[in-house]
4 protein chains.
Amino acid sequence: MTAYDQRREHVLDGCAQVFAEKGYDSASIRDIARAVEMSAGGLYHYCSNKQDLLYQVCDRAFRSLIARLEEGLSHVDDPQERLYTVFVTHLTYFLDRPDELITLTENLSSLTPPGSAKIRELQRCYYDIVSGVLASFPGITATSLRVATMTLFGSINWVHTWYRRGIDGGADELARVMTDLFLNGLAPAYKCSPSSPKHVD
Amino acid sequence: MTAYDQRREHVLDGCAQVFAEKGYDSASIRDIARAVEMSAGGLYHYCSNKQDLLYQVCDRAFRSLIARLEEGLSHVDDPQERLYTVFVTHLTYFLDRPDELITLTENLSSLTPPGSAKIRELQRCYYDIVSGVLASFPGITATSLRVATMTLFGSINWVHTWYRRGIDGGADELARVMTDLFLNGLAPAYKCSPSSPKHVD
Amino acid sequence: MTAYDQRREHVLDGCAQVFAEKGYDSASIRDIARAVEMSAGGLYHYCSNKQDLLYQVCDRAFRSLIARLEEGLSHVDDPQERLYTVFVTHLTYFLDRPDELITLTENLSSLTPPGSAKIRELQRCYYDIVSGVLASFPGITATSLRVATMTLFGSINWVHTWYRRGIDGGADELARVMTDLFLNGLAPAYKCSPSSPKHVD
Amino acid sequence: MTAYDQRREHVLDGCAQVFAEKGYDSASIRDIARAVEMSAGGLYHYCSNKQDLLYQVCDRAFRSLIARLEEGLSHVDDPQERLYTVFVTHLTYFLDRPDELITLTENLSSLTPPGSAKIRELQRCYYDIVSGVLASFPGITATSLRVATMTLFGSINWVHTWYRRGIDGGADELARVMTDLFLNGLAPAYKCSPSSPKHVD
DNA sequence: TATGAATGAGCATTCATTCAT
DNA sequence: AATGAATGAATGCTCATTCAT
């Protein structure tokens with residue numbers, strides 16, 4: 001990795017932080033410059049404009065998120081365990097690099113063409129992977145597959161609004177609870193199997 | 001309702017529309033004025049400043065959302081039906097007044113004191129009602145109650161990002177699918193009850 | 001005096017107060033309306049526009065100031081006593097209606113044609129009276145008369161910047177000190193010396 | 001002096017000119033930008049806001065005024081000559097840089113904290129110097145010293161309202177007349193008369 | 001590479017004024 | 001005589017972006 005690329009990574013880190021904190025629209029180029037400890041003009045060596053910074057942050061974040069998920073799933077076959085892998089991978093990424101995931105969740109709608117189309121493709125890719133995991137559960141219909149996938153995304157994309165660091169448990173614990181909810185629902189008591197497994201671990 | 005109040009309602013409608021479309025930060029007072037067909041200066045008869053407009057939109061939306069939910073739940077006792085009521089009320093409101101719900105979901109973080117505190121109280125009120133519905137399910141723990149409630153909110157607050165009008169079914173249908181998912185999960189096949197009801201209606 | 005005129009006097013009082021406090025340019029019509037406890041629109045029954053309010057305040061103030069001075073001088077003949085009368089009349093008016101005199105002193109330059117010309121005429125009238133008093137002192141030249149008159153005006157128009165109510169003495173006391181200064185100067189001890197240098201050069 | 005500082009001086013010159021002409025409140029940032037031949041936004045490289053421009057103008061003016069006076073007084077011992085020095089220094093500065101002195105005189109009350117306190121300190125410093133000069137005259141009391149000093153300030157701060165360039169004589173001539181007035185007053189002819197009434201009461 | 005002065009467009013807001021009531 | 005909703009122009013200021021250095 002060249003020195004330029006390292007500097008560029010640093011710039012994107014700063015962008016993610018500022019975008020996550022203030023939102024894309026409220027974040028000014030000077031805010032970012034301050035966070036990166038560089039002049040505003042200097043930033044333009046690493047992007048063509050402000051919108052491009054958002055694009056780069058989203059692109060980088062989605063690619064590593066997908067890579068992690070693909071890596072994680074490549075070792076697991078059981079549907080229930082695969083579902084857990086989806087949760088735990090996403091939540092681990094969130095706890096790891098919260099600013100990037102928050103930017104991704106909250107500022108995707110600020111993307112404009114042509115970058116927005118490229119990011120939407122990555123989003124679609126991520127969607128397909130997760131959807132594929134859910135599709136392996138028997139008895140799921142086309143309609144309920146879409147709803148279930150979107151519901152799952154809603155669940156994990158909402159986490160940053162309520163998660164309290166140090167209080168709400170780690171990624172694995174949270175992933176276990178959410179996996180259980182998605183697998184068994186709230187009414188397991190009504191189910192007759194006395195020994196149904198509550199969660200995967 | 002006075003003529004002034006009617007005009008004010010009209011202003012808030014326009015605000016909700018513009019905020020939902022562009023986001024609070026990107027929405028300019030002139031955008032709103034255009035949507036309401038009024039001069040920019042004239043808007044200041046109905047608010048003290050732009051932030052106040054967001055506050056008023058959120059306040060009005062949350063209050064009617066809560067009112068609808070309380071009304072709906074007042075007729076229902078069965079936990080499963082109550083859960084369905086939560087979904088169907090929220091989704092009906094969304095299909096009814098999407099701009100307000102989108103504003104509520106996407107721009108809550110743009111609220112500043114002192115309005116933010118008041119809205120947070122309404123949010124808390126809504127949370128408590130929904131949480132109460134979930135708490136009536138046996139076998140739920142303190143931790144999983146919080147996670148389940150937040151997961152439910154994530155699910156319904158995410159709907160606006162993927163829902164396609166005229167394609168994805170009405171509020172009742174969607175509510176039924178989501179209720180089923182929350183009640184029974186994805187793995188009902190593993191449950192032994194051959195005749196477990198998939199959903200409430 | 002009609003009820004309308006009484007109300008108009010009340011409006012001008014409020015204007016003088018606001019103009020004196022904030023200056024003509026910073027004072028808004030709404031500031032004045034608040035001070036007068038009337039709506040902004042209502043003020044326009046007593047003036048044609050904001051500029052006219054300033055004109056009316058200045059006109060009224062100058063006229064009563066001149067009237068008082070003419071009245072006071074009509075009883076006095078001795079030049080020294082007449083000089084004292086100039087000071088004491090002006091200072092009494094200042095302590096009596098400070099807002100009007102402050103408005104007159106600080107905001108005269110905000111007057112625009114055609115009102116400004118009319119007020120300048122009143123100002124000229126006031127000037128002529130005071131100048132006439134000074135002209136009665138022997139040994140004064142055309143040049144020094146002008147300088148002395150302007151110096152006198154500078155002195156009394158500056159009072160509002162430093163006068164502390166309840167501390168700096170009443171109008172009569174202050175008038176006495178200033179009269180003495182203008183009559184005898186700072187170096188009375190050197191007087192009688194037939195060869196004292198009048199100035200440095 | 002850096003190029004930046006030179007440009008900043010140029011900006012302050014333009015500010016002084018516009019403030020003197022229209023007054024601080026009426027002067028718009030765009031007026032100043034026009035006078036300086038720079039964009040409105042560009043001005044903000046030399047100040048934090050409009051108020052700061054006024055502060056900078058006043059600060060610069062007071063400092064050089066004080067410096068000139070201290071320099072001038074350092075060569076003179078005789079009280080009468082020192083009084084002349086006060087007048088001639090101030091009036092020379094006025095003829096030299098009228099805009100700054102007019103701004104100082106007319107817009108000081110538009111200063112807001114925290115700048116106003118700093119300028120007040122400079123004003124106090126200037127006052128103390130002048131007051132010290134007057135205090136060296138025998139027979140002056142505490143009360144009359146204050147009145148005399150303020151009267152002197154009133155006199156010189158009023159000059160800009162009546163002085164006609166090319167008609168009313170130079171700084172030295174004017175200073176001589178005013179010094180004479182302050183030293184000897186209007187009634188020198190009456191002096192030596194042991195029973196002349198000092199004032200009327 | 002990096003800076004920071006500079007710009008022109010845009011921002012939220014305030015204003016004097018009008019006018020239907 | 002008085003109100004207050006409404007307007008269009010102007011306000012101070014911030015912005016993303018450019019470019020000479």
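Order of the sequence lines sets the chain letters (A, B, ...), proteins ahead of strands, with each chain counted from 1.
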- Query: To the nearest angstrom, how far is A/Q51 atom CD from F/dT17 atom C1'?
  - Reply: 15 Å
- Phosphate contact (E/dC11 OP1 or OP2) by B/S28 side-chain N/O below 4.0 Å: yes
- Counting side-chain heavy atoms from CB outward, which of E/dT7, E/dT17, E/dA5 is closest to D/M38? E/dT7
- Ion pair check, D/K118 and D/D59, cut-off under 4.0 Å: no
- Task: Could you state the atom-to-atom distance from CZ of C/R34 to C1' of F/dG4 in whole Å?
- Result: 15 Å
- In whole angstrom, give the distance that lies between atom CG of B/N49 and atom C1' of F/dT11. 17 Å
- Message: With a 4.0 Å limit, can you tell me whether C/Y44 has a side-chain N or O closer than that to the phosphate oxygens OP1/OP2 of F/dA1?
- Response: no
- Which listed nucleotide (E/dT17, F/dT11, E/dT3) is nearest to the side chain of C/A40? E/dT17
- Message: Measure CG/B/L43 against P/F/dT7 and give the value in whole Å, please.
- Response: 9 Å
- Query: What is the distance from CD of B/E37 to P of F/dA5, rounded to the nearest Å?
  - Reply: 20 Å
- Task: For A/R30 and for D/D25, find the nucleotide of DNA chain F with the closest heavy atom, then tell me which residue's nucleotide is more 5'.
- Result: D/D25
- Message: If you compare every side-chain N and O of B/R7 against the phosphate oxygens of F/dA6 (OP1, OP2), does one of them come in below 4.0 Å?
- Response: yes
- Query: In Watson-Crick or G-U wobble terms, both distances under 3.5 Å, what is the partner of E/dT21?
  - Reply: F/dA2
- Query: Can you tell me if A/Q51 uses its side chain to pair, donor with acceptor, with the backbone of A/T112 under 3.5 Å?
  - Reply: yes
- Message: Distance check needed: F/dA9 P versus D/D31 CG, whole Å only.
- Response: 18 Å
- Query: Could you give the distance from CG (C/D25) to NZ (D/K22), rounded to the nearest 0.5 Å?
  - Reply: 9.5 Å
- Query: How close or far is atom C1' of F/dA1 from atom CG of C/D5, stated in whole angstroms?
  - Reply: 14 Å
- Nucleotide of F/dA1, F/dT17, E/dC11 approaching A/K50 most closely (side-chain heavy atoms): F/dT17
- Considering just the side-chain nitrogens and oxygens of D/H45, establish if one lies under 4.0 Å of OP1 or OP2 belonging to E/dA5. yes
- Classify the angle between the aromatic ring planes of A/Y4 and A/Y46 as parallel (below 30°), tilted (30 to 60°) or perpendicular (above 60°). parallel
- Rounded distance in Å - CD1 (A/I29) to P (E/dC11): 17 Å
- Across the strands shown, which category fits D/A27 at heavy-atom distances under 4.0 angstrom: base, sugar-phosphate, nothing? sugar-phosphate
- Message: Between B/D13 and B/Q17, is there a side-chain donor-acceptor contact under 3.5 Å, judged purely by atom types and distance?
- Response: no
